[in-house]
Each structure stands twice: as structure tokens, then as C-alpha cells.
Trainee: 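Sharing a structure below in C-alpha cells format, with a few things to ask.
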Amino acid sequence: MKKSIPQQVNAFSVDERDAVYRAIFERRDVRRDFLSKRIPQATLQRILKASHHAGSVGFMQPWDFLVIREKDTKQKVKQLFTLANDEASKRYRGAKGTLYRGLKLEGIEEAPINLCVTCTRQRGGPNVLGRSTIRETDLYSTCCAIQNLWLAARAEGIGIGWVSILDYDALKNLVGIPRPVKLVAYLCMGYVKEFSSNPDLEKAGWRKRLPLEQLVHYESWGRKNGNGTLKKVKNG
Ligand SMILES: Cc1cc2nc3c(=O)[nH]c(=O)nc-3n(C[C@H](O)[C@H](O)[C@H](O)COP(=O)(O)O)c2cc1C
């Protein structure tokens, strides 16, 4: 019999639980070394279905997915990236600037599929259950869908790279996204030979993962009593 979490209806087996954590810890932002192998429609469909099963405020499901395979479109998006990235790189000087310019921050043309994930903020009418106090919850919902997509893709052996260094208004014009629809993410996706064990930015020496203890507070902000001691953290 499979081992599972005791006394729970529909419990995950230990292996299933571990598989979920594996997808989480081995998910990576990928923007290099995409294989040219085609993503079968059935696989794409599974990934999009996982995305579509994310939670959303008022069950609004504000997302749409625009699948781009055409080379010509990718080339035009790459031009938008180059413009935006040249601008962004001016923010970094000296050694940091040199490091920035050495980073690979997109895989637009190499990836077999590029995907726009949008948020239609008007979906469900003016009164969306749960959104009256925090208008951005529809955007949060779309990010939940993107995370589902990212994890499902990892389980399929497909890498995803999120490209935000783009003029999203110009991009919307290019692919015909209507004005009121918010473009939340532009993603590059494709099979990859391997997933790196650490984020690219960490490997490049850009930034390290923060210690979790630094980010967990108990009962009130800054209170660190996980091990029975009280300690205030600086720069909270
Ligand atoms: C909202 C968002 C936007 C991002 N935009 C970019 C981007 O434009 N270019 C890039 O190389 N990575 C981008 N990333 C990827 C992050 O750099 C990456 O998630 C982070 O370094 C941690 O690495 P990991 O995703 O492999 O764990 C983005 C990630 C998120 C969540």
C-alpha cells in the first residue's frame, strides 16, 4: 500500500507530495538552451489547463493566453526587448553595469513558443466578489495562473522564461491585444536539456536567495520567536 498522510480524505501519497515539492524547488526561469523540439498541442493544452485552474478573486478567471509561434512576430518582440534592455542597462554603472550587460535576460527567438498572459479586468462586470477593497486582486489572480503554468511546465520538462524588459504597450499593439486588457506576462517556453539547480541571477553573482528566517515574523512585524527567543530584525 502507498504511504500517505494519515487520516485525510484524498490524501497525497508521500511520493505525490514529494513530486509537488520537486516541481516547486526545481522550477527555474529559463532563457537559454531551448531545444527546437515542438511542444505537442496536447502538452500545451495540459499546461494551459493547469494555469486555468488557478484560484481567482470571485472566481473571475480574468486570464487569456495568446500563443505565438511565428518567427516574424518573435523577431519584432526581440527588437522591442533590445530597445528596452539598452535603456535598462543605463541604470547600472561600473562593475554592476558590466555584469548586467553579460546577463541573458530573454529567450524570445530561441523558444518554440512565446506566450502572452493577460488580465481582462472588466470580466465578470463591475462588481467582482472580493475585489471591492483591493482592485489589484484580479492581477494577483493572473499571477497565480502564471505560477501554475510555470510549475506544470516544469513537470513536463518545459522551461519558461518571463520577459518583462519590454514596452508592453508596443507589444500589445504588435499582437493586437485590446487596449483595456492588461498584459501581465510575456513568456518564452520550450523543452530544455536541463534545469539549473540555482537561479541564473544567483549563479551570475547578481543576488542571493535571502534566508527564510529573515522573512518570517510571528504575531507582529519583526518578532522572531520561531525558536523561543524574541529578536527584532533590522531593515524590516
Ligand atoms: C514578474 C517577473 C518578471 C521577470 N522578468 C524577467 C526578465 O525580464 N528577464 C529575466 O531574465 N528574468 C525575469 N524574471 C525571472 C527572475 O529573474 C527569476 O525568477 C529569479 O531570478 C529567480 O530565478 P528562478 O525563477 O529560476 O528561481 C522575472 C520573474 C518574474 C516573477
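As the structure is a computational prediction, the values presented were derived from the model and not from experiment.
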Trainee: Is there a side chain to side chain contact (heavy atoms under 4.5 Å, CB included) between Val117 and Leu187 once you walk through the steps?
Mentor: CA-CA 8 Å; Val117 186; Leu187 307 173; 3.9 Å; yes

Trainee: Between Thr98 (side chain only) and Gly94 (backbone N and O only), is there a donor and an acceptor less than 3.5 Å apart?
Mentor: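 Flag set: sc Thr98 to bb Gly94 pair under 3.5 Å.
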
Trainee: Closest heavy-atom contact between Ser56 and Gln61?
Mentor: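 Of all heavy-atom pairs spanning Ser56 and Gln61, the closest is OG-N, 3.0 Å.
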
Trainee: Under a single-linkage definition using a 4.5 Å side-chain heavy-atom cutoff for Ile, Leu, Val, Met, Phe, Trp and Tyr, are Val30 and Ile68 assigned to the same hydrophobic cluster?
Mentor: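 No.
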
Trainee: Count I, L, V, M, F, W, Y as connected when their side-chain heavy atoms are under 4.5 Å apart, and connections chain through other members. Are Ile177 and Ile108 then in the same cluster?
Mentor: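 Yes, one cluster joins them.
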
Trainee: Between Ile39 and Ile158, what is the shortest heavy-atom contact and its length?
Mentor: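 Nearest pair, atom of Ile39 first, then Ile158: CG2-CD1, 3.9 Å.
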
Trainee: Please test Lys203 against Ser196 for side-chain hydrogen bond (donor to acceptor under 3.5 Å, both in side chains), starting from the C-alpha separation and ending with a verdict.
Mentor: CA-CA 9 Å; Lys203 287 202 301 188; Ser196 167; 3.1 Å; yes

Trainee: Taking it one step at a time, do Leu66 and Val175 satisfy side chain to side chain contact (heavy atoms under 4.5 Å, CB included)?
Mentor: CA-CA 9 Å; Leu66 195 161; Val175 293; 4.2 Å; yes

Trainee: Are Arg154 and Phe195 in a cation-pi setup, meaning NZ or CZ lies under 6.0 angstrom from the ring centre and within 45 degrees of the ring axis?
Mentor: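 Relative to the ring axis of Phe195, which defines the angle, Arg154 lies inside both limits.
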
Trainee: Tell me the closest heavy-atom pair linking Arg209 and Arg28, and the distance in Å.
Mentor: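 Answer, listing the atom of Arg209 first, then Arg28: NH2-NH2, 3.7 Å.
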
Trainee: Going by the angle between their ring planes, with limits at 30° and 60°, are Tyr92 and Tyr100 parallel, tilted or perpendicular?
Mentor: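 Tyr92 vs Tyr100 ring planes: parallel.
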
Trainee: Are Ile160 and Val192 connected in a single hydrophobic cluster, I mean Ile/Leu/Val/Met/Phe/Trp/Tyr linked by side-chain heavy atoms less than 4.5 Å apart?
Mentor: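 No, because Val192 and Ile160 fall into different hydrophobic clusters, even though each may have its own neighbours under 4.5 Å.
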
Trainee: Do Trp63 and Met60 sit in the same hydrophobic cluster, where Ile, Leu, Val, Met, Phe, Trp and Tyr count as joined when their side-chain heavy atoms come under 4.5 Å apart?
Mentor: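 Shared cluster, no.
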
Trainee: Could you check whether Glu213 pairs with Lys224 (Lys NZ or Arg NE/NH1/NH2 to Asp/Glu carboxylate O, under 4.0 Å)?
Mentor: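 No, this pair does not count.
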
Trainee: Where do Leu99 and Gly205 come nearest, in terms of heavy atoms and distance?
Mentor: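 For Leu99 versus Gly205, the nearest heavy atoms are CD2-O, 4.0 Å.
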
Trainee: List the steps and the verdict of side chain to side chain contact (heavy atoms under 4.5 Å, CB included) for Leu103 and Leu201.
Mentor: CA-CA 8 Å; Leu103 296 170; Leu201 290 188; 3.9 Å; yes

Trainee: Could you tell me the separation between the SG atom of Cys188 and the CZ atom of Arg31, rounded to the nearest 0.5 Å?
Mentor: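 If we round to the nearest 0.5 Å, Cys188:SG and Arg31:CZ are 10.0 Å apart.
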
Trainee: Are more than 12 heavy atoms from other residues, nucleotides or ligands located less than 6.0 Å from atom CG of Leu129?
Mentor: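 Result for CG/Leu129: open.
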
Trainee: Are Trp206 and Trp162 linked, directly or through intermediate hydrophobic residues, by side-chain heavy-atom contacts shorter than 4.5 Å (ILVMFWY only)?
Mentor: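 Yes: a chain of side-chain contacts under 4.5 Å links Trp162 to Trp206.
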
Trainee: Charged N to carboxylate O under 4.0 angstrom, Lys76 versus Asp72?
Mentor: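 Salt bridge flag = yes for Asp72 with Lys76.
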
Trainee: Under 4.0 Å between a side-chain nitrogen and a carboxylate oxygen: does that hold for Lys78 and Glu109?
Mentor: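 Yes, Lys78 and Glu109 are salt-bridged.
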
Trainee: Locate the shortest heavy-atom distance separating Thr118 from Leu183; write the atom from each residue and the value.
Mentor: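 Shortest heavy-atom contact: CG2-CD1, 4.0 Å.
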
Trainee: Are Asp15 and Arg17 within salt-bridge range, i.e. N to O under 4.0 Å?
Mentor: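 Looking at Arg17 together with Asp15, the answer is no, because their closest N to O distance does not fall below 4.0 Å.
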
Trainee: Are the side chains of Gln147 and Leu151 in touch, meaning some heavy atoms are under 4.5 Å apart?
Mentor: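 In short, these two side chains touch, coming nearer than 4.5 Å.
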
Trainee: Salt bridge between Arg123 and Asp64, side-chain N to carboxylate O under 4.0 Å?
Mentor: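 Yes, this pair counts.
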
Trainee: Nearest 0.5 Å please: distance from the CG atom of Asn148 over to the CG atom of Leu48.
Mentor: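 If we round to the nearest 0.5 Å, Asn148:CG and Leu48:CG are 11.5 Å apart.
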
Trainee: In Å and rounded to the nearest 0.5 Å, what is the CG to CG distance from Leu149 to Leu44?
Mentor: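 The CG atom of Leu44 is 8.5 Å from CG of Leu149, to the nearest 0.5 Å.
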
Trainee: Taking everything shown except Lys182 itself, do over 12 heavy atoms lie less than 6.0 Å from its NZ?
Mentor: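 No - once you tally the heavy atoms of other residues, nucleotides and ligands closer than 6.0 Å, there are 12 at most.
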
Trainee: Of the non-hydrogen atoms in Ile146 and Ser51, which two are nearest, and what is the gap between them?
Mentor: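 Looks like N-OG, 4.3 Å.
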
Trainee: Side chains of residues 138-145: which donor-acceptor pairs under 3.5 Å do they make with residues two or more places apart or in other chains?
Mentor:
unit_1 : atom_1 : unit_2 : atom_2 : d
Asp138 : OD1    : Arg121 : NE     : 3.4
Asp138 : OD1    : Arg121 : NH2    : 2.9
Asp138 : OD2    : Arg121 : NE     : 2.9
Asp138 : OD2    : Arg131 : NH1    : 2.9
Asp138 : OD2    : Arg135 : NH1    : 3.0
Ser141 : OG     : Val57  : N      : 3.0
Ser141 : OG     : Thr137 : O      : 2.7
Thr142 : OG1    : Asp138 : O      : 3.0

Trainee: Looking at CD1 of Ile165 and CG of Leu105, how far apart are the two atoms once the value is rounded to the nearest 0.5 Å?
Mentor: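 Reported value, rounded in 0.5 Å steps: 4.5 Å.
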
Trainee: Just do the side chain to side chain contact (heavy atoms under 4.5 Å, CB included) check on Leu171 and Asn173 with the steps written out, would you?
Mentor: CA-CA 5 Å; Leu171 181 54; Asn173 272 338; over 6 Å; no

Trainee: What pairs of residues pass the ring-ring contact (aromatic ring centres under 6.0 Å, His included) test when at least one of them lies in residues 171-192, not counting sequence neighbours?
Mentor: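 Matches after skipping sequence neighbours: none remain.
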
Trainee: Begin with the C-alpha distance, continue with both residues' side-chain angles, and end with the deciding distance and a verdict on salt bridge (charged side-chain N to carboxylate O under 4.0 Å, His left out) for Glu219 and Arg223.
Mentor: CA-CA 7 Å; Glu219 314 306 341; Arg223 194 164 159 179; over 6 Å; no

Trainee: Against Glu110, only a single residue in Lys104, Arg32, Lys74 fulfils side-chain hydrogen bond (donor to acceptor under 3.5 Å, both in side chains); can you say which?
Mentor: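 Looking at Lys104, Arg32, Lys74, the match for Glu110 under the side-chain hydrogen bond (donor to acceptor under 3.5 Å, both in side chains) is Lys104.
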
Trainee: Calculate, to the nearest 0.5 Å, the distance between atoms CG and CD belonging to Asn114 and Glu70 respectively.
Mentor: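 Asn114 CG to Glu70 CD: 11.5 Å, rounded to 0.5 Å.
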
Trainee: Drop me the distance from Glu156's CD to Met189's CE, to the nearest 0.5 angstrom.
Mentor: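 Here the rounded value is 9.0 Å.
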
